[in-house]
There are 2 protein chains.
Amino acid sequence: MAPSRSATMADVARLAGVSVATVSRTLSGTRAVDPAMQRKVTEAAAQLNYQVNLVGRALRQTRSSTVGLVVPDLENPYFSALAQQLSRVFSDPGIDLLVFSADGSLETEARGVSSFLGRQVDALVMIPVHEQLSEATVTAAAAAVHTIQLDRHVPGTAASYVGVSNREGVRLVHEHVSSCIDVGTHPVVYVGAAQGSSSAHERLDSMRRWFSPEVPTLLGDFSAAWGREAAARLLADGWRSATIVTAADVIAVGVVSHLLHQGCSVPGDFRVIGFDGVGAAAFAYPTLTTVRQPVEEMARSIRALVESDDEPSSRWFDPELVIGETSPGR
Amino acid sequence: MAPSRSATMADVARLAGVSVATVSRTLSGTRAVDPAMQRKVTEAAAQLNYQVNLVGRALRQTRSSTVGLVVPDLENPYFSALAQQLSRVFSDPGIDLLVFSADGSLETEARGVSSFLGRQVDALVMIPVHEQLSEATVTAAAAAVHTIQLDRHVPGTAASYVGVSNREGVRLVHEHVSSCIDVGTHPVVYVGAAQGSSSAHERLDSMRRWFSPEVPTLLGDFSAAWGREAAARLLADGWRSATIVTAADVIAVGVVSHLLHQGCSVPGDFRVIGFDGVGAAAFAYPTLTTVRQPVEEMARSIRALVESDDEPSSRWFDPELVIGETSPGR
DNA sequence: CTGTTAGCGCTTTCAG
DNA sequence: CTGAAAGCGCTAACAG
């Protein structure tokens, strides 16, 4: 079927023999309408297969019942989990969550934000690509619309923030590891992601705080490929046993995979600990000891922020340690 | 900073001392404008921090430089991979790809589609939730705008289709398995997803065609949890060795994980084969033998369809077998 | 409860 | 090349 010009409210009004105002009121239910007219309108609309033009509505109302979400990347399972939870919590009050991927690029991120602003979103949720370099974009967003940063934090902006306490997460890891081994004599290594995102930054800082300022550190990105490479480097450097704390489950999966392929024992030789606790990684073999983030609660908290019209505020959730086979309890 | 009413073209025109038409022409570059005026406009716009209101533009132009993507679920790594690739290919020609998750629900899917239609998207890409029950929604979409079904197919609609040949995928699996074992005497089991999506359907049909009409079959959903459960059932039913073909990598990960936890050998006792070949599953231990879909090419093909204004058409890509450790070559 | 009408911000004829 | 003005489809005053 060839796309045909679609019916407008005026068409419906004409067919139903009423005014456009009555059509509008019937269809959006903003005001009482005589039941008889209501029926005529509904029938005419059905007959013409009328679909409300949200662009017209948004232009008039200067809002759009839409919340925009800008993520750095959709292939990171943690981000897709957040996106999925957010869609779900906004579905209920009839708000459409639209997702835009910045594809790891600051320029694309800026484009996504101005696109959403130009579309008159009611609120903007974003996981900033970079801790410093995304500042202009976050600031621009916050100046125009209610903006909530998620997971990653650009300091000094007027936007709200929802995330997990990375410091508490690493504290849980430290507590767990301490109860299993003697942290003073057994080596602990950190495989993280390069500075740039606040979560990477905070996790590294917390490692230094809870374990040791000199904790050996390998920094790459949030990917399984990087996990493999990091493990290869450790082995090449002569490590034969250690506790490897990682910045994300995907990294941990790569680390574990490489170690096992090289004939190392996990957790015998190497304990491995992940971060995030969402996605299929949790179901892999062996199961991961990880820090689980409460993504569902975080999503609900964001909805609450969007609905309230309070001052920008920040909320840190406490994560939870999940014991798996890559680092079992004592 | 409190969100303030943002500047409009009229404001820019006033400040620059020109007409709104000139502002429009300068900013969108649709027509030649005197360089001097151009400069005045650009400066005024910068000074007022002017951002074009895309809603006004879309209302006037009846299009929006936007393509909508409706997926059943963002947590399925295959879908997020497609979403990511699509964002990337549309980024180049300056089209925003906006993603909406139907959260597995037909109602939400319908809402997503009418939302995009109401927003005047230039084209709509959708992975239908259900092979039959999504028909009304796909048809409605196709009647209003250029619509392309992706991965899953609702028969008998006027929408284009881009996907992989599941029959060819299963043929590759059959060829591989036949070269490793005697398919006549060694058991082959299929762990799939319940009918509903065309891909699940086609993969099962192809299993029956290439292997045997009586191939033992367990149907669940596209999740690692289901993979685990299916493996548990197989063991409970007394299976001690088999080749397990699955409908997706996430399922395969769950199957492998459960088997290894129960002390079975993979691929010694059980060979396991996945489908999709994207995401972190490929980096897990042991590595998966799987059927890789050419997601990048598929995304490019969709962009080509959107850009051309031809009749609806369908395109099936050939997948590729990737040998991993869960079912090595002979 | 219903109808008329004025715009939301923008692009695009149409004159000049 | 520039400006005035119409109008995209809708909702919200306002008057009846």
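Quick note on labels: first sequence line is chain A, next is B, and so on, each numbered from 1.
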Trainee: Given the rule in the side chain to side chain donor-acceptor pair (under 3.5 Å) test, do B:S87 and A:D103 qualify, once you have shown the distances and angles that lead to the verdict?
Mentor: CA-CA 8 Å; B:S87 313; A:D103 200 19; over 6 Å; no
Trainee: Tell me: CZ of A:R60 to P of C:dG9, nearest whole Å?
Mentor: 10 Å
Trainee: If I take atom CZ in residue B:R57 and atom C1' in nucleotide D:dC10, what distance separates them, rounded to the nearest angstrom?
Mentor: 20 Å
Trainee: Show which side-chain atoms of residues 55-64 of chain A pair as donor or acceptor with protein atoms under 3.5 Å away, not counting sequence neighbours.
Mentor:
from	atom 1	to	atom 2	distance (Å)
A:S64	OG	A:T66	OG1	3.4
A:S64	OG	A:Q120	O	2.8

Trainee: What integer distance in Å separates A:Q51:CD from D:dC8:P?
Mentor: 20 Å
Trainee: Using 30° and 60° as the class boundaries, would you call the ring planes of A:W316 and A:H153 parallel, tilted or perpendicular?
Mentor: perpendicular
Trainee: Between B:L117 (CG) and D:dC10 (P), how many Å, whole number?
Mentor: 14 Å
Trainee: Mind calculating the distance between CG (B:D11) and P (C:dG9) to the nearest angstrom?
Mentor: 9 Å
Trainee: What is the distance, to the nearest angstrom, from the CG atom on B:L54 to the C1' atom on C:dC10?
Mentor: 10 Å
Trainee: Would you say A:Q61 places a side-chain N or O within less than 4.0 Å of OP1 or OP2 belonging to C:dC8?
Mentor: no
Trainee: Starting at OG of B:S198, measure out to CD of B:E131 and round the result to the nearest 0.5 Å.
Mentor: 5.5 Å
Trainee: Verify the distance criterion only: is there a donor paired with an acceptor across the side chains of B:T157 and B:Q149 at less than 3.5 Å?
Mentor: yes
Trainee: Could you check how far CG of A:L27 sits from C1' of D:dA12, rounded to whole Å?
Mentor: 16 Å
Trainee: Is there a side-chain contact between A:S28 and the phosphate of D:dC10, meaning an N or O under 4.0 Å from OP1 or OP2?
Mentor: no
Trainee: Can you tell me if A:T8 touches the phosphate of D:dC10, counting only side-chain N or O atoms and a distance under 4.0 Å to OP1 or OP2?
Mentor: yes
Trainee: Is there a donor-acceptor pair under 3.5 Å between the side chain of B:Q38 and the backbone N or O of B:V33?
Mentor: yes
Trainee: If you only use heavy atoms from C-beta on, which nucleotide in C:dC10, D:dA12, C:dG9 is closest to the side chain of A:L59?
Mentor: C:dG9
Trainee: May I have the distance from A:N53 (atom CG) to D:dT11 (atom C1'), rounded to whole angstrom?
Mentor: 13 Å
Trainee: Distances under 3.5 Å between protein N/O atoms and the N/O atoms of nucleotides 1-5 of chain C, please, pair by pair.
Mentor:
from	atom 1	to	atom 2	distance (Å)
C:dT2	OP1	A:D34	N	3.4
C:dT2	OP2	A:D34	N	2.9
C:dG3	OP2	A:S19	N	3.2
C:dG3	OP2	A:S19	OG	3.2
C:dG3	OP2	A:T22	OG1	2.6
C:dG3	N7	A:R25	NH2	2.7
C:dG3	O6	A:R25	NH1	3.3
C:dG3	O6	A:R25	NH2	3.3

Trainee: Do A:R111 and A:E107 meet the salt-bridge criterion of a basic N to acidic O distance under 4.0 Å?
Mentor: no
